[in-house]
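Here the structure is a predicted model, which is why all the values come from computation and not from measurement. Order of the sequence lines sets the chain letters (A, B, ...), proteins ahead of strands, with each chain counted from 1.
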Amino acid sequence: MIKIEATTADAYRLFHEGALALARAEREGIRVDVEYSEQKKKHLERKIEYHQKQLEETKLYRQWNHVYKGKTNIHSNQQLARILYKNMKIEPVKTTETGQGATDEEALRRLDIPGLDLILSIRKLSKIKNTYLGAFTREQFNGFIHPSFNLHNVRTYRSSSEGPNFQNIPKRDKESMKICRRAILPRPGHMLIEADFSALEVNISECYHKDPVMMKYLLDDKSDMHLDMAKQIFIMPDMQKSIPTHAILRQAAKNGFVFPQFYGDYYGNNAHSLCEWTKLSRGRWKKGQGLELPDGSHISNHFLSKGIKSFDQFTEHMKRVEDDFWNRRFKEYGRWKKKSVQDYRKRGWLKTHTGFTCSGLMRDNEISNYPIQGSAFHCLLFTFIELDKIAQREKWKSKIVGQIHDSILLDADPVELGRIKEALQTIVKEILPNAWRWIIVPLEIDVEEYGVDLPWVS
DNA sequence: GGAACTCGCCAC
DNA sequence: AAACGTGGCGAGTTCC
């Protein structure tokens with residue numbers, strides 16, 4: 001008889017071996033360019049001072065300084081909130097968790113007051129200087145940082161990282177990415193390589209809900225879930241991924257609807273987020289507004305022609321899209337979510353395919369997210385452990401140095417590159433699916449290579 | 001002077 | 001009916 005269900009003992013063994021493999025990566029460490037980091041910090045400091053000087057010329061700052069005098073601190077959001085929402089009597093467009101007027105990027109951008117753009121620039125530069133470059137120089141020892149990869153902190157049985165956190169170095173914002181990742185180097189003569197699972201969480205979700213429509217999207221290269229959702233959301237049946245504007249709308253559907261829905265978001269927030277992407281207002285729409293389409297017309301014209309004339313009508317439209325998403329398109333996924341909640345309510349706990357137990361009070365969204373998020377990371381950890389075993393056995397000069405939930409970072413000897421790629425494919429295509437029979441979809445891992453003696457910048 | 005809190009923001 | 005999952009960390013602030 002083939003054993004299908006993983007036990008707590010299996011889960012324990014995974015984390016025991018995982019802790020040992022991660023500890024070896026921690027001891028090896030990641031090389032940082034200390035000289036560069038110190039120089040760049042000084043450069044950023046000068047830029048921050050320059051922006052601060054400009055800020056001091058604004059009406060906003062004069063009002064601020066009138067209230068706080070010698071205690072004025074442009075980094076204090078509490079002071080900023082008081083100036084904006086009390087002294088200037090602006091009605092907050094958004095509040096924080098505790099009900100105070102928000103001063104985050106979205107709130108400040110909507111106000112459009114001279115000087116707030118400078119505050120945002122200063123925040124961005126300070127973040128790079130203090131959170132990333134500052135941490136690299138503070139934590140480095142002999143030119144190497146040794147972040148800890150923890151397995152005991154996360155409710156879903158994912159990992160976390162600290163000292164410094166290696167799992168949140170900027171990537172999306174190109175400028176921040178270049179400045180921060182320029183500081184991460186391979187050992188002399190080596191190259192950094194990053195092995196990423198593609199769409200890991202979506203693939204692992206399939207192993208739980210077994211939705212046939214989702215399965216088709218995952219197996220058929222020609223089908224594209226995000227493009228299909230973009231067609232439905234924007235009512236454009238003839239959309240093509242190769243047309244740049246359509247690619248933007250596809251991206252909007254992916255990041256403004258599909259992924260948030262998987263995490264438990266609802267159509268109301270989706271409508272707001274999609275209007276950010278398409279540059280449409282929260283009121284009534286007129287011709288000539290929002291994103292420009294390939295034919296030179298604006299997206300508002302298109303929506304008007306389809307009978308959607310305002311943000312409120314668009315929200316109603318998104319409500320129908322959401323209903324269709326869970327009750328028709330991905331009906332089995334929707335059913336699985338409901339059943340998971342019922343089962344948890346009855347028992348008070350749930351188990352992952354990898355043998356871990358999640359117990360304690362959980363909200364509906366958490367019940368369906370936890371097993372997916374955990375098991376997805378466990379596929380990465382399994383791969384990490386097996387790769388480490390091979391590296392030890394074959395005495396690689398290449399070092400496994402880090403991990404970011406669905407990817408592994410190696411500091412590789414170029415001579416060994418072919419062997420590393422081969423080993424990764426063997427693990428992901430043979431060893432992993434053979435060991436865990438619950439994996440019912442083909443998993444893919446891609447390797448991104450950075451240059452010899454060059455930093456972690458693409 | 002340190003602990004604990006809020007807020008904002010980076011990653012997956 | 002209501003409505004976004006998991007973390008770490010810096011700065012400012014408050015409390016002891």
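Taking only side-chain nitrogens and oxygens, A:Arg138 comes nearer than 4.0 Å to OP1 or OP2 of C:dG10. One finds no side-chain N or O of A:Thr156 lying less than 4.0 angstrom from the OP1 or OP2 phosphate oxygen of C:dG7. OP1 and OP2 of C:dG5 both lie 4.0 Å or more from every side-chain N or O belonging to A:Arg155. Contact annotation: A:Asn130 side-chain N/O to C:dC9 OP1/OP2 distance is not under 4.0 Å. One finds no side-chain N or O of A:Asn168 lying less than 4.0 angstrom from the OP1 or OP2 phosphate oxygen of B:dC9. In terms of phosphate contacts, A:Thr96 brings a side-chain nitrogen or oxygen within less than 4.0 Å of OP1 or OP2 of B:dC7. The side chain of A:Thr103 places an N or O atom within less than 4.0 Å of a non-bridging phosphate oxygen (OP1 or OP2) of B:dG8. A close approach under 4.0 Å does occur between a side-chain nitrogen or oxygen of A:Lys171 and OP1 or OP2 of B:dC12. OP1 or OP2 of C:dG12 has at least one side-chain nitrogen or oxygen of A:Asn73 nearer than 4.0 Å. Taking side-chain N and O atoms only, A:Thr98 has a distance below 4.0 Å to OP1 or OP2 of B:dC7. One finds no side-chain N or O of A:Tyr266 lying less than 4.0 angstrom from the OP1 or OP2 phosphate oxygen of C:dC4.
Scanning atom types as modelled, no donor and acceptor separated by under 3.5 angstrom connect the side chain of A:Gln167 and the base of C:dG7. Side-chain atoms of A:Arg172 stay outside donor-acceptor range of the base of B:dC10, with no qualifying N/O pair under 3.5 Å. You'll find a donor-acceptor pair under 3.5 Å spanning the side chain of A:Lys127 and the base of B:dC9, going by distance alone.
For A:Phe257 and A:Tyr267, the ring centers sit 6.0 Å or farther from each other. The distance between the ring centers of A:Trp456 and A:Phe166 falls below 6.0 angstrom. Ring-centre distance between A:Phe259 and A:His226: below the 6.0 Å cut-off.
Checking A:Lys216 against A:Ser223 by side-chain atom types alone, no donor-acceptor pair falls below 3.5 Å.
With a 6.0 Å cutoff to the six-membered ring centre and a 45° limit on the axis angle, A:Lys337 counts as a cation-pi contact of A:Trp326.
Of the candidates C:dG5, C:dG7, B:dC9, the closest approach to any side-chain atom of A:Arg123 belongs to B:dC9.
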